[in-house]
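Data block below; observations after.
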Amino acid sequence: MEVNSISKDKDIQVNHEIRDREVRVISPDGKQLGIMSLKDALHYAQEVQLDLVKIASDAKPPVCKIMDFGKYKYEQSKREKEARKKQKIINVKEIRMNPTIDEHDFQVRLKNTIKFLKDGDKVKVSIRFRGRQMTHTKLGEEVLNRVAESISEVGVVEKPPKMEGRNMVMVIAPKQTTNKE
């Protein structure tokens with residue numbers, strides 16, 4: 001095909017980008033043609049109007065395949081796009097509280113936590129201790145345990161309450177549903 005464009009992929013070398021003296025050549029139908037000089041391999045690729053693509057650079061000698069590089073890149077991008085479709089992106093939402101939180105404020109934050117978990121997001125519940133509250137970390141742990149009990153139907157505690165500086169942090173993950181779609 002006489003394509004000598006510089007490939008976008010840094011790790012894939014095509015046609016005249018290949019700088020090795022000898023290469024192991026694989027034909028378009030997958031048969032090994034053996035080890036030959038780069039010049040002969042390029043000549044053979046031009047005869048069948050395809051590209052010489054280096055697929056295994058760490059082998060001795062490097063392995064090159066004769067293929068339509070444009071078609072290969074297109075199929076590879078389709079596979080990557082399909083893989084991205086199936087990927088589930090998990091966000092981590094944060095709910096902040098303090099150890100002396102009022103009941104109504106607690107219920108509002110609990111409602112938001114449940115909503116985030118139902119949406120499939122992880123939730124990081126953190127309690128900020130200010131000033132002398134640092135001496136009463138048990139109060140914060142009790143609040144986090146209340147949260148854990150209240151969300152037990154929709155989420156599971158992934159990381160139990162733990163002090164990180166002036167904050168006590170707990171991570172909750174959504175429960176996995178048993179029905180597969």
Side-chain angles (χ1 to χ4, degrees), residues 3 5-14 17 26 28 30 51 53-59 63 65 67-181:
V3 175
S5 64
I6 296 183
S7 60
K8 299 275 189 229
D9 302 311
K10 299 289 184 219
D11 55 342
I12 297 178
Q13 295 176 345
V14 183
E17 296 173 6
I26 300 173
D51 302 312
V53 181
K54 190 185 219 181
I55 55 174
S57 57
D58 53 345
V63 180
K65 186 171 182 178
M67 65 171 85
D68 185 349
F69 187 63
K71 184 178 178 184
Y72 168 76
K73 279 185 10 182
Y74 172 72
E75 289 173 352
Q76 192 176 26
S77 70
K78 270 179 57 175
R79 279 194 297 269
E80 287 171 0
K81 189 176 178 183
E82 196 65 33
R84 279 194 303 267
K85 270 188 197 173
K86 293 177 183 173
Q87 217 171 26
K88 174 76 171 106
I89 298 170
I90 297 176
N91 294 324
V92 179
K93 305 281 188 174
E94 184 172 8
I95 300 288
R96 292 186 190 158
M97 300 182 182
N98 64 18
T100 58
I101 190 166
D102 194 48
E103 184 60 30
H104 180 263
D105 292 336
F106 178 81
Q107 292 301 325
V108 169
R109 286 176 177 74
L110 184 67
K111 189 174 83 174
N112 286 333
T113 303
I114 291 170
K115 186 181 103 189
F116 293 147
L117 289 170
K118 285 184 178 176
D119 289 343
D121 297 327
K122 288 185 180 182
V123 180
K124 175 181 172 182
V125 183
S126 61
I127 294 188
R128 172 87 182 199
F129 294 96
R130 303 170 82 189
R132 293 183 182 167
Q133 289 176 338
M134 281 298 290
T135 57
H136 302 287
T137 56
K138 282 285 181 204
L139 292 173
E141 198 170 337
E142 288 171 11
V143 172
L144 289 177
N145 288 335
R146 267 181 66 198
V147 171
E149 287 174 25
S150 303
I151 57 93
S152 61
E153 291 140 29
V154 289
V156 290
V157 176
E158 190 174 82
K159 186 176 156 193
K162 181 182 170 192
M163 285 300 291
E164 293 179 0
R166 287 194 157 275
N167 296 329
M168 184 175 283
V169 177
M170 174 175 75
V171 178
I172 304 168
K175 265 193 179 171
Q176 298 298 322
T177 55
T178 53
N179 58 343
K180 301 284 181 199
E181 293 180 35

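Everything numeric in this text was worked out from a predicted model, so none of it was measured. Quick note: residue numbers are just sequence positions, from 1.
Rounded to the nearest 0.5 angstrom, M168 CE and M97 CE are separated by 13.5 Å. Here CG of D121 is found 5.0 Å from CG of N91. Values are rounded to the nearest 0.5 Å. We find the CD1-OG1 distance between I151 and T113 to be 8.0 Å, quoted to the nearest 0.5 Å. In this structure, the separation between CD on E158 and CD1 on I172 is 10.0 Å, given to the nearest 0.5 Å. We find the CZ-OG distance between R166 and S126 to be 14.5 Å, quoted to the nearest 0.5 Å. Between F116 atom CZ and R109 atom CZ the span is 11.5 Å, to the nearest 0.5 Å.
Side-chain atoms of F106 and V147, non-hydrogen and from C-beta on, do get closer than 4.5 Å to each other. Side-chain contact between T100 and Q133 is present, with heavy atoms from C-beta onward closer than 4.5 Å. Proximity of L110 to Q107: side-chain heavy atoms (C-beta onward) are separated by under 4.5 Å at one or more points. Residues E142 and R146 have side chains not in contact (no heavy-atom distance under 4.5 Å, counting atoms from C-beta outward). Between M67 and I55 the shortest side-chain heavy-atom distance falls below 4.5 Å.
Around atom CD of E80, more than 12 heavy atoms belonging to other residues, nucleotides or ligands sit under 6.0 Å away.
Side chain of E17 to main chain of V14: a donor-acceptor pair is present (N/O by atom type, distance under 3.5 Å, no hydrogens or angles). For D51 (side chain) and F69 (main-chain N/O), a donor-acceptor pair under 3.5 Å exists by modelled atom type.
In plain terms, the two heavy atoms of L144 and M170 that are nearest each other are O-CE, 3.3 Å. The minimum heavy-atom distance between A59 and V63, with the atom names listed, is CB-CG2, 4.1 Å. The heavy-atom pair separating L117 from G155 by the smallest distance is CD1-CA, 4.1 Å. Taking both residues in full, the closest heavy atoms of G140 and I127 are given as O-CD1, 3.2 Å, listed atom of the first, atom of the second, then distance. Shown here for R132 and H136, the closest heavy-atom pair between the two residues is O-CD2, 3.9 Å. In terms of heavy atoms, G165 sits closest to M134 at O-CE, 4.0 Å.
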task: Verify side chain to side chain contact (heavy atoms under 4.5 Å, CB included) between K85 and E82, making sure each step is shown before the conclusion.
output: CA-CA 5 Å; K85 270 188 197 173; E82 196 65 33; 4.1 Å; yes
field: K175 vs V156, side chain to side chain contact (heavy atoms under 4.5 Å, CB included): CA-CA, chis, key distance, verdict
entry: CA-CA 6 Å; K175 265 193 179 171; V156 290; 3.7 Å; yes
- request: Please report the C-alpha distance between D119 and K93 in whole Å, then the side-chain angles of each, then the deciding distance to 0.1 Å, and finally whether the side chain to side chain contact (heavy atoms under 4.5 Å, CB included) criterion is met.
  value: CA-CA 11 Å; D119 289 343; K93 305 281 188 174; over 6 Å; no
